[in-house]
There are 2 protein chains.
Amino acid sequence: MTRYSISELANYFNVTTRTIRYYEEIGLLKPERNDSGYRQFTKKEVTQLQLIFRGKKYGFNLDEIKEMVLLFDEDPTGREQLRRTIEYGEGKISEVDQRIHELQAMKGEMESLMQVFYDELNQLEEDES
Amino acid sequence: MTRYSISELANYFNVTTRTIRYYEEIGLLKPERNDSGYRQFTKKEVTQLQLIFRGKKYGFNLDEIKEMVLLFDEDPTGREQLRRTIEYGEGKISEVDQRIHELQAMKGEMESLMQVFYDELNQLEEDES
DNA sequence: TTTAACATTGACGTTAACGTGAAGTTCAAT
DNA sequence: ATTGAACTTCACGTTAACGTCAATGTTAAA
């Protein structure tokens with residue numbers, strides 16, 4: 001199994017090592033250590049970091065992201081636990097869906113604001129002829 | 001023309017008056033004042049605040065939002081200025097579009113992560129019969 | 001006309017998300 | 001064996017985006 005050092009990951013994700021250490025500090029990651037105390041990252045942490053940076057980019061804060069990461073980290077055992085996990089996960093997915101819709105609304109708004117400028121420009125070009 | 005007080009707007013947008021004052025501090029708003037120095041908000045500021053809160057919700061910081069607000073605030077006069085404004089605006093719109101796509105990707109990823117839980121639950125229900 | 005609810009400007013406090021040394025340890029290469 | 005790069009853990013510093021007083025002025029209603 002491939003192991004990565006902290007600076008390899010920092011380079012890959014274009015962040016500093018401090019950022020990754022901070023994520024461990026607040027419980028977002030729990031990488032293994034080797035005999036001398038160095039962090040050993042695996043594919044699992046890479047996946048988690050991907051989720052983290054995606055989430056950050058779209059306005060979720062680290063506390064919300066933590067909930068998501070932990071959700072997909074533990075395996076819920078037992079029907080009831082599974083059902084709760086699924087319910088929570090569906091809630092998060094519909095939150096994302098909500099954001100998509102509002103972003104689309106925002107885009108529409110910006111486009112209609114732009115329309116004013118388009119009209120003005122057309123007016124100017126017409127006057128020229 | 002209808003005028004609004006600072007607390008009317010704060011109530012409407014569900015923020016504190018401090019927030020709105022802060023937005024004026026950093027140049028996001030420039031409301032008129034009456035004789036006694038009270039801020040007088042009009043429809044213009046309402047529109048700007050709408051843009052601000054939308055933007056914030058979707059990961060833009062106040063500096064980026066400031067650029068957008070100022071963009072739709074000034075009337076660019078002259079062909080060249082107008083063209084540059086349109087070009088900039090289109091860039092911003094495609095940034096929003098980009099975010100929409102990535103959010104959709106995120107949603108897809110979360111759904112496939114959930115699939116694992118669905119399968120496990122089905123497995124458990126089957127075992128029961 | 002006084003009282004309560006609003007407004008104003010400072011100005012210092014707070015929190016999230018890191019930045020930035022310092023002081024020491026480990027490892028790979030010369 | 002030594003050097004330099006990369007790692008470790010403190011621990012204090014920084015910035016954005018407000019929160020939270022304090023001291024004072026304004027206004028509408030009783």
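All values derive from a computational prediction rather than experimental measurement. Labels below follow one simple rule: chain letters A, B, ... track the order of the sequence lines, proteins then strands, and each chain is numbered from 1. Every heavy atom of this structure was used, including side-chain atoms; hydrogens, water molecules and symmetry mates were not.
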A.B. asks: Using a cut-off of less than 4.0 Å, is there contact between a side-chain N or O of K66(B) and OP1 or OP2 of dA17(D)?
C.D. replies: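 Answer is no, no contact under 4.0 Å.
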
A.B. asks: I want to verify a distance call: between dA6(D), dT8(D), dT20(D), whose nearest atom is closest to the R39(A) side chain?
C.D. replies: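 Among dA6(D), dT8(D), dT20(D), the one nearest the side chain of R39(A) is dT8(D).
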
A.B. asks: Which nucleotide wins on minimum distance to the side chain of L62(B), given the candidates dC7(D), dA7(C), dA17(D)?
C.D. replies: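 It is dA17(D).
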
A.B. asks: Using side-chain contact (heavy atoms from CB on, under 4.5 Å), reason through I20(A) and F13(A) one step at a time and then give a plain yes or no.
C.D. replies: CA-CA 10 Å; I20(A) 296 181; F13(A) 285 110; 5.5 Å; no

A.B. asks: Going 5' to 3' through nucleotides 25-30 of chain C, assign each nucleotide B (protein heavy atom under 4.0 Å from a base atom), S (under 4.0 Å only from sugar-phosphate atoms) or - (no protein heavy atom that close).
C.D. replies: -BS---

A.B. asks: Between dA7(C) and S7(B), is there an OP1 or OP2 to side-chain N/O distance shorter than 4.0 Å?
C.D. replies: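 S7(B) to dA7(C) OP1/OP2: side-chain N or O found under 4.0 Å.
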
A.B. asks: Just to confirm, is there a sub-4.0 Å distance from OP1 or OP2 of dT26(D) to any side-chain nitrogen or oxygen of R33(B)?
C.D. replies: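 Looking at the OP1 and OP2 atoms of dT26(D), neither is under 4.0 Å from any side-chain N or O of R33(B).
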
A.B. asks: With sugar-phosphate meaning primed atoms plus P, OP1 and OP2, does T16(A) contact a base, only sugar-phosphate, or nothing at under 4.0 Å between heavy atoms?
C.D. replies: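 Sugar-phosphate: the residue T16(A), judged by heavy atoms under 4.0 Å, touches backbone atoms but no base.
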
A.B. asks: Classify the side chain of R21(B) versus the base of dT9(C) as yes if they form a donor-acceptor pair under 3.5 Å and no if they do not.
C.D. replies: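 Not at all, since no donor on one side and acceptor on the other fall under 3.5 Å apart.
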
A.B. asks: Using only side-chain N and O atoms of Y23(A), determine if any of them is under 4.0 Å from OP1 or OP2 of dC18(C).
C.D. replies: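 Checking Y23(A) against dC18(C): at least one side-chain N or O falls below 4.0 Å of OP1 or OP2.
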
A.B. asks: Answer yes or no: is there an ion pair linking K92(A) with E95(A), defined by an N-O contact shorter than 4.0 Å?
C.D. replies: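 E95(A) and K92(A): salt-bridged.
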
A.B. asks: Go through the side-chain N and O atoms of T42(B) and E45(B) and say whether any donor and acceptor fall under 3.5 Å apart.
C.D. replies: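 Result is yes, a qualifying pair exists.
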
A.B. asks: If you measure only the distance, is there a donor-acceptor pair under 3.5 Å linking the side chains of E102(B) and Q98(B)?
C.D. replies: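 Q98(B) and E102(B) do have a side-chain donor-acceptor pair below 3.5 Å.
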
A.B. asks: Has R99(B) got its NZ or CZ under 6.0 Å from the middle of the six-membered ring of F60(B), at an angle within 45 degrees of the ring axis?
C.D. replies: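 Pair R99(B)/F60(B) counts as cation-pi.
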
A.B. asks: Side chains of D119(A) and Q123(A): any donor to acceptor distance under 3.5 Å?
C.D. replies: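 The answer is no; no qualifying pair exists.
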
A.B. asks: Quick check on DNA chain D: between F60(B) and R18(B), whose nearest nucleotide comes earlier from the 5' end?
C.D. replies: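 Its nearest nucleotide being more 5', the pick is F60(B).
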
A.B. asks: Categorize I26(B) for me: base, sugar-phosphate, or nothing, with a 4.0 angstrom heavy-atom threshold over every strand shown.
C.D. replies: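 No contact at all - I26(B) keeps every heavy atom at 4.0 Å or more from the nucleic acid.
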
A.B. asks: Within the structure, does a side-chain N or O atom of T17(B) lie under 4.0 Å from either OP1 or OP2 of dA7(C)?
C.D. replies: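 For T17(B), the contact criterion (side-chain N or O under 4.0 Å from OP1 or OP2 of dA7(C)) is not met.
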
A.B. asks: Need one value for N61(A): base, sugar-phosphate or nothing, where a base atom within 4.0 Å counts as base even if backbone is also close, heavy atoms only.
C.D. replies: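 Sugar-phosphate contact only - N61(A) comes under 4.0 Å of backbone atoms but never of a base.
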
